[in-house]
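All values below were derived from every heavy atom in this structure, side-chain atoms included, with hydrogens, water molecules and symmetry-related copies excluded. Note that the structure is predicted; figures quoted are calculated from it, not measured.
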Amino acid sequence: MSSQIAGVLQLLALIAALALAYRPLGDYMARVYSSEKHYTPEKWIYKVIGADPAAEMRWPAYLRGVLAFSAVSVLLLYLMQRVQGSLPGSLGFSSIDPDQAFNTAASFVANTNWQSYYGEQAMGHVVQTGGLAVQNFLSAAVGMAVAVALVRGFARSRSGELGNFWADLVRGTVRILIPVSVIGAIVLVACGAIQNFSGIHQVGQFMGSTQEWNGGAVASQEAIKELGTNGGGYFNANASHPFENPNPLSNLFEIFLILLIPFALTRTFGRLVGSLKQGYAILGAMAVIWIGFTALMMWTEFAHRGPAFEIAGGAMEGKETRFGIAGSSIFAVATTLTSTGAVNSFHSSYTGFGGGITLLGMQLGEIAPGGVGSGLYGMLIMAVIAVFIAGLMVGRTPEYLGKKIGTRQITFAACYLLITPALVLGFTAVALALPTPGHSMTNSGAHGFSEILYAYTSGANNNGSAFAGLNADTQWFNTTIGIAMLLGRFLPMVFVLALAGSLAEQKPVPATAGTLRTDKPLYAGLLVGTILIITGLTYFPALALGPLAEGLAS
């Protein structure tokens, strides 16, 4: 069997698994977020934090809950790293420097999981398990809560109320993320991932020096790292490390976990707004982009150009032989089209066009299918923009799900779209203009430009994957990427919740003969076209200076 056919079979198996899980998980999540029942452990949590889960919140109160909880999370995780040297289970590692502690705290709370450190050489068991892994759950739950709040904005009328942030946060964690992660961890252990709290031990000699490894609760962190579209690895090699991702089966399962909730949330959306067809339209747009990007990535990495590529069967540089080109390409597209920083290959070693695909995937806005929660609300923002464009074409006031898209709503959507490109392009321009950041570049020319562009694209879009080749562990990059991650995560949420509040206050508009049917393939096609055009107009000049120039020159 050829590598190409094996890759296609892997992709088909992945699609089949996602299709089987789509309906039960999507319906279950809809029941979780619409239920009025509170389980006993949840009641204990509400009592400890002093929250009333039955109290409805308007969008300013919901936003205050998101920001206050996230600010406290950043502070606690920062302090935990700063005192690591005094904590039990630190494995002898010293406390983390202030700039790196800030970067890591911002990264994990913002669901970015960018890492400018070697995990196995910097973080002990307490910080890894009690700090980073906990935030993997909580940051994902925050994203899901904001997405559900926006869906309620479409579903409710003349109230302005979006639910209760604390109830959504707790339910998402207790009823969805924890149970699925437990199952995922068991599967990964069965596949060969490690799960222990062993210390550092020698494993032999290599080139005259002692080689050491430390263990850890890897499988459990790996499960929520992928399920919550987090991506922060226990080891520096991330998902290419055999302790995290031992074989092709675990590789395919981890891709499944990455895509599971973002795709299933489209059915949750359809259930909550009372029209499964609306969810299918969003799902269709996501799936077309994801499958298209995967096919394009596999094609460009399998293309035989030159004797080395012909002997290896494609572009094997930077890829693990146990995964091959297909397993690496599918993983790379899944992780960059979602806000998952996990990598099982060296993105810097991809072909010029392959590296450009990973960049473009993030620059779409992490919406196909995107991060846990953030993918759905990002796609719904694009749906509002697409409806607005269609309305301009026919001279009719745009409507979406029975809600008018007026000046106020389109202003919120436009502000959402402008934030991330401004952060990415602004920070990239400043870094290239100053002398010091450029010293961190391993390569010059188009590839060196791509290294910096990728770093800020990954940070501001809350992806977290690294192009590699860039030394980001400097005060400049730790600080600026940390700022980009926080602004890229929480500023868009301001406009998402403001849009949700404005929609929830409206009276539904009845559909007429002139209403655009947003549950049809024609609209899904318009949505895909809108996404690609807006992204192309925004980022094409930067892409032309980096991966496109490199690809055309090779």
Side-chain angles (χ1 to χ4, degrees), residues 30 32-34 36 46 49 51-73 109-111 138-172 265 268-269 272-273 365 370-385 387-388 398-420 462 486-509:
V32 166
Y33 287 112
S34 58
E36 296 182 357
Y46 298 139
I49 64 178
D52 178 7
E56 287 283 340
M57 294 179 173
R58 299 177 70 87
W59 79 265
Y62 204 100
L63 176 63
R64 286 195 297 271
V66 171
L67 297 180
F69 177 76
S70 300
V72 171
S73 297
V109 174
N111 197 243
L138 298 180
S139 64
V142 168
M144 294 168 69
V146 173
V148 170
L150 178 58
V151 173
R152 291 192 185 114
F154 285 109
R156 296 181 177 184
S157 61
R158 290 178 288 187
S159 69
E161 296 174 341
L162 303 177
N164 185 284
F165 167 70
W166 305 106
D168 293 337
L169 175 72
V170 172
R171 287 177 178 178
L265 274 173
T268 304
F269 162 69
L272 294 180
V273 298
V372 168
S374 61
L376 178 60
Y377 67 65
M379 184 59 88
L380 291 178
I381 293 289
M382 293 304 304
V384 169
I385 297 292
V387 165
F388 178 74
E399 303 166 9
Y400 186 61
L401 299 179
K403 301 296 179 72
K404 285 187 176 295
I405 308 302
T407 303
R408 187 182 180 195
Q409 288 74 35
I410 204 63
T411 298
F412 291 144
C415 289
Y416 175 95
L417 290 181
L418 292 172
I419 290 169
T420 305
N462 302 129
L486 290 176
L487 295 179
R489 173 70 165 179
F490 297 109
L491 274 182
M493 286 184 176
V494 173
F495 297 106
V496 169
L497 292 173
L499 174 62
S502 70
L503 294 171
E505 293 170 351
Q506 288 189 29
K507 178 182 178 181
V509 178

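To the nearest 0.5 angstrom, T420 atom OG1 is 9.0 Å from L491 atom CG. Rounding to the nearest 0.5 Å places OH of Y33 at 7.5 Å from CG of L265. The CD atom of E399 sits 9.5 Å away from the CD atom of Q506 when rounded to the nearest 0.5 Å.
The nearest pair of heavy atoms linking I385 to A414 is CD1-N, 4.5 Å. Here the shortest heavy-atom pairing between L162 and A504 reads CD2-CB, 4.1 Å. Of all heavy-atom pairs spanning S34 and L272, the tightest one is CB-CD2, 4.2 Å. The minimum heavy-atom distance linking R58 with S159 is given by the pair NH1-O, 2.8 Å. Of all non-hydrogen atoms in A147 and G373, the two that sit nearest each other are CB-O, 3.3 Å. Here the closest non-hydrogen pair linking V387 and I405 is CG1-CG1, 4.5 Å.
A 4.5 Å side-chain heavy-atom check between F154 and L380 finds at least one atom pair inside the cut-off. At least one side-chain heavy atom of V151 sits under 4.5 Å from a side-chain heavy atom of L376. Using a 4.5 Å cut-off on side-chain heavy atoms (C-beta onward), R152 and D168 make contact. Taking 4.5 Å as the limit, every side-chain heavy atom of I419 sits out of range of all side-chain heavy atoms of L487. Between R64 and F165 the shortest side-chain heavy-atom distance does not fall below 4.5 Å. The shortest distance between side-chain heavy atoms of K403 and S502 does not fall below 4.5 Å. Counting heavy atoms from C-beta on, the side chains of L417 and M382 come closer than 4.5 Å. F490 places a side-chain heavy atom less than 4.5 Å from the side chain of M493.
For Y416, there are no ring-ring contact (aromatic ring centres under 6.0 Å, His included) partners at least two apart in sequence or on another chain. With sequence neighbours excluded, the residues forming a salt bridge (Lys or Arg N to Asp or Glu O under 4.0 Å) with R408 are E505, listed by chain and number. Listed by chain and residue number, S157 satisfy the side chain to side chain contact (heavy atoms under 4.5 Å, CB included) test with P508 (two or more places apart in sequence, or in another chain).
Proximity of a side-chain donor or acceptor of R156 to a complementary backbone N or O of L503 within less than 3.5 Å is not detected. Panel note: side chain N164, backbone A55; a donor-acceptor pair is recorded below 3.5 Å. Remark: side-chain polar atoms of Y62 are paired, donor with acceptor, to backbone N or O of A145 under 3.5 angstrom.
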**OP:** Please lay out, stage by stage, how Q409 and F388 fare under the test side-chain contact (heavy atoms from CB on, under 4.5 Å).
**Re:** CA-CA 10 Å; Q409 288 74 35; F388 178 74; over 6 Å; no
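Ring pair W166/F69 is perpendicular by interplanar angle, where above 60° counts as perpendicular and below 30° as parallel.
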